[in-house]
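Input: a single structure, listed below in structure tokens.
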Amino acid sequence: MSTGAVGRAYPRLEGREKVTGTARYAVEYPVDGITYGWAVPSAVVRGRITRVDTTQALASPGVLAVVHHGNAPRLAPGPEPELWLLQEPAVHYRGQYVAVVVATSLEAAREGARLVRIDYDAGPHSTVLTDDHPGLYQPDHVNPSYPTDTAEGDFDAGYAAAPVRVDVTYRTPAYHNNPMEPHATTAQWRDGRLLVHDSNQGATSVRATLAELFEVPPESVRVVAQHVGGGFGSKGYAKAAVVLTALAARHVDRPVKLALTRQQIFGPIGYRTPTIQRVRLAADADGRLTAICHDAISQTSTIREFAEQTAVYTRSMYAAPHRRTTHRLVRLDVPTPFWMRAPGECPGAYALESAMDELALAVGIDPVELRIRNDTEVDPDQGRPFTSRNLVACLREGAQRFGWTDRDPTPRARRDGRWLIGTGMAGSSYPARARPSSARATARPDGSFLVQINATDIGTGARTAIWQVAADALGVPPERVEIHIGDTALPTAPLAGGSMGTASWSWAVIRAAQTLREKLQDLPGGVPADDVSADADTTDEVGGQPTLPRYAYGAQFAEVRVDADTGEVRLNRMLGVFAAGRVVNPTTARSQLIGGMTMGLSMALHEEGLLDERYGDWVNHDLATYHITGCADVESVEAYWLDEHDDELNPAGVKGIGEIGIVGAAAAIANAVHHATGVRVRDLPIRLDKLVGTSSLA
Amino acid sequence: MRAFRYHRPADVADAVAVLAAEPQAAYLGGGTNLVDLMKLGVQRPDVLVDVTRLPLDTVEEAPDGGLRIGATVRNSDLAAHPTVRRDYPVLARALLAAASGQLRNMATTGGNLLQRTRCVYFQDTGKACNKREPGSGCAALHGQNRDLAVLDWSEQCVATHPSDLAVALTALDTVVEVHEPDGPRDVPITALYRSPGTHPERETTLARGTLITAVRLPPLPAARRSTYVKVRDRASFAFAVGSVAAVLDLDGDVVRDVRLAYGAVAHRPWRAYRAEEALRGRPFSPELAARAADAELAEARPLRHNGFKVPLTRAITVRALSELASS
Ligand SMILES: Cc1cc2nc3c(=O)[nH]c(=O)nc-3n(C[C@H](O)[C@H](O)[C@H](O)COP(=O)(O)OP(=O)(O)OC[C@H]3O[C@@H](n4cnc5c(N)ncnc54)[C@H](O)[C@@H]3O)c2cc1C
Ligand code: SF4
């Protein structure tokens, strides 16, 4: 790390292409003979297709084919039942794609889709999560491989004996990932080989899934994802769009483009599961936690188990002698929930950090101080010291920057005209992990270098960050380094997810660069005309890393105003301080952190998937009715970070910053709303209908 | 999406003639509502008659002091018009509280008045909706109805009218100038919209094919003291969950005249005559305003998820009038 590109605020390498519109997204590549696909969602929740009548659709101008379970190319029944599309008449949830219409224009495909007549034999369904659902069960483990339940000490006894207790239940609704670019694919088959331009978070795994489903060798599949317009987790693995497009292209034997509509991504591409979370906290008179229990209920589908790790956050955040966490699931007739930014940690932290606020009031201690008192150097879950834990430093710096120090804890004590003003805060943490990756570094005779890795930049600035790391590892100015990502023709790499992209990719890039430098030392005559390359694969090194508690931390602060008459809640300002290892690029890091915080604001105040049980469907499925925080809602959001060095992480020393910004953000806002109004809303989002007319507001 | 023909009429008569001859034709204003609904399959016209190039795009001051606003005047231009801003602030505020800058640049006065409800079931051809498909049922009545009506709904439809502009125009006693197949006619805006009753698919009293050519604001000096209060679920770019258009004319502290209209509570912009009645001739106070709102909302019949609209509308009535009284 000699030249010092890491830590500098470079603008995104592809920024100019993006703002001038020349950066190509999945369905923007010009392809000769292209056709257009339109997905047809099921109109029933659970049942069987009894008849598909394509007569009218096929007679409609421009329509080339209707692909459905009766005529679709066969797929191997793989480990992902969700992707076994158009293979069987069974319908498992409303919105399941049951056909694809292919036509010579987008409009013709859409009209054709309307004309496909499908008859169903529909059965009864259950789509609403409740805490007394007869289907509640205990999964074998929760995502990705945590124990379902944990217990230490004797919670019941510890709780019963404590002088101060809080027993509260929080609810969060379904949240829908809404990246700007929907799930979209261009697929082309040629001589048994498949080329897809696809919007995903990890082309390596998409290729593997396609190869398995279509029963072709992985070398015959190429997945390109140069620019991706966001994913927030929903594009973590191959999803329906890419499978449908490849199926359709094979069926019509022509290239096909397919992009899901905004309406079509509400559900079938995954969403954050609704949760019901009971948190019980007990403390002594000084606010030292003696017992912690977090019981989380969430949902999965009937075709795949997705067990979100909602209460796992609570296992390591604060210490107490008596602790218990549990997870229960219900299989509903719904699309399978999936990852959404900080799955598990985000809703879990909302509940725990809200309960901590309730405890602070109950015990009469400042909420920042309460968290400091319950800090721990040893992971209560693993029983080992954290590799680094700077929660207290974040809390202190945040409190100071935010101006928390002289806060009067009394609810509803501050007013500015018609506005009630309140402040709130929360802790935040997210695991710092890495996955094996490979990479290649090449030296060219002209003194330039090429770095190749199938990493994905979903808009985060990952391309630029890896480029900076590569330059330092090669010991040259970054201008001499060219970087190629987003293509399975490049060395395989893990997905952009779990806040481990940069940690994993830079690890392999650094190792490839080191090997290349060694090779170059053995070449006194300089780089030969046909270049010199070095490959790295970190599988053994990453796998051999000791299992230690590695976490990033943060402290979130918020000030809200609540209209005393109408109950409207607006955010005045939000401030976060994070400790997340080395920050590679302050510009893109800041965007990730404030983006996460803003998404937490959206979760706290705006977003809610409204389900209609009769239809088994979310009814607000566009951006006019599913509200996401808009610019005008974000009056001020600031993110800071501490200088943190941790040698137990990875060669780049990073912890990952994609997700921690959202963790705790909703709790900080909810706590501020309580401070402003004296009303504790325990089911998100906190909208005016939950505050208007409440007596304490008047 | 259904294939359609596009027609650019030579003049108003041509536009009206095409609609009369083509049973499935529709006028196209800015297209910000119609085109969305066409993509969703909710509306399926086969001919679009683009009215935006007709000479209906001017705002003229009438000799008597009123204002005549052409049907194709864009929402953003109307909001920025100096006379509107000075003489009818309620109108400028209602426009600026709606949609987004881009949408307002496209949206026309006529199209805004005739935009369709935002009821989520109406917009989804996979769900029952009497307004979209008469006789199919009203999914909203016992479904997700937080955003829907508390006043004047029927078992057949509980939708609300979404326009902010229409609420302001309703408070201002606007006259809508229309061109029907058999000629021009004036329609008071309070007689333009219908209650849902048993035919929620009929939203206005206009005959099919009627073109809106202009709206006429009568002179109303009191409107200089007017405002629009809109409550929404986020700070911008959201339809109202409650709104009030108010004009207040005080003689000392006595209410000489008042105009009040509510948005987001009924199938049509709701002129609050009873509240006006309760206010007129009495010394103004916030308590009086609250009692007036109560008089208006006494007949409210909240649905399962929208009971909050009653205290909300009451609160913003008090807010709007109190602000005007003290301004
Ligand atoms: C995301 C979003 C948010 C929005 N938020 C708001 C909001 O907060 N408040 C609000 O008030 N509105 C809001 N709108 C709605 C917007 O104001 C309307 O879409 C717009 O005003 C419609 O005008 P237009 O000219 O585009 O109408 P069009 O879409 O062109 O037409 C609408 C209807 O009017 C008919 N029509 C058009 N012109 C005439 C005419 N001259 N004579 C007779 N019939 C005619 C058309 O046939 C069609 O049926 C929002 C819209 C969107 C998409
Ligand atoms: S309220 Fe009206 S628009 Fe909504 S579903 Fe019922 S009939 Fe349709």
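Lettering follows sequence order; numbering is per chain, from 1.
For B:Lys39, the parts sitting under 4.5 Å from any heavy atom of chain A are the backbone and the side chain alike. Using a 4.5 Å cut-off between heavy atoms, B:His142 contacts chain A through both its backbone and its side chain. Contact annotation for A:Leu106: neither backbone nor side-chain heavy atoms come within less than 4.5 Å of a heavy atom of chain B. For a residue to count as touching a neighbouring chain, one of its non-hydrogen atoms must lie under 4.5 Å from one of that chain's; by this rule A:His627 touches chain B with backbone and side chain alike. Neither the backbone nor the side chain of B:Ala3 comes within less than 4.5 Å of any heavy atom of chain A. Only the side chain of B:Ile316 comes within contact range of chain A, with at least one heavy atom under 4.5 Å from a heavy atom of that chain. Both the backbone and the side chain of B:Arg2 have a heavy atom closer than 4.5 Å to some heavy atom of chain A. Using a 4.5 Å cut-off between heavy atoms, B:Val318 does not touch chain A at all. In this structure, no portion of A:Glu613 lies under 4.5 Å from any heavy atom of chain B. Of the atoms belonging to A:Leu611, it is backbone heavy atoms, and not side-chain ones, that fall under 4.5 Å from chain B.
In summary, the side chains of B:Thr227 and B:Arg93 do present a donor paired with an acceptor at a separation below 3.5 Å, with no hydrogens or angles considered. If you check the side chains of B:Asp124 and A:Tyr615, you find no donor sitting under 3.5 Å from an acceptor.
With salt bridges taken as basic N to acidic carboxylate O contacts below 4.0 Å, one links A:Asp563 and A:Arg418.
Most heavy-atom pairs under 4.5 Å with chain A: of the set B:Arg118, B:Lys309, B:Arg232, this distinction falls to B:Arg232.
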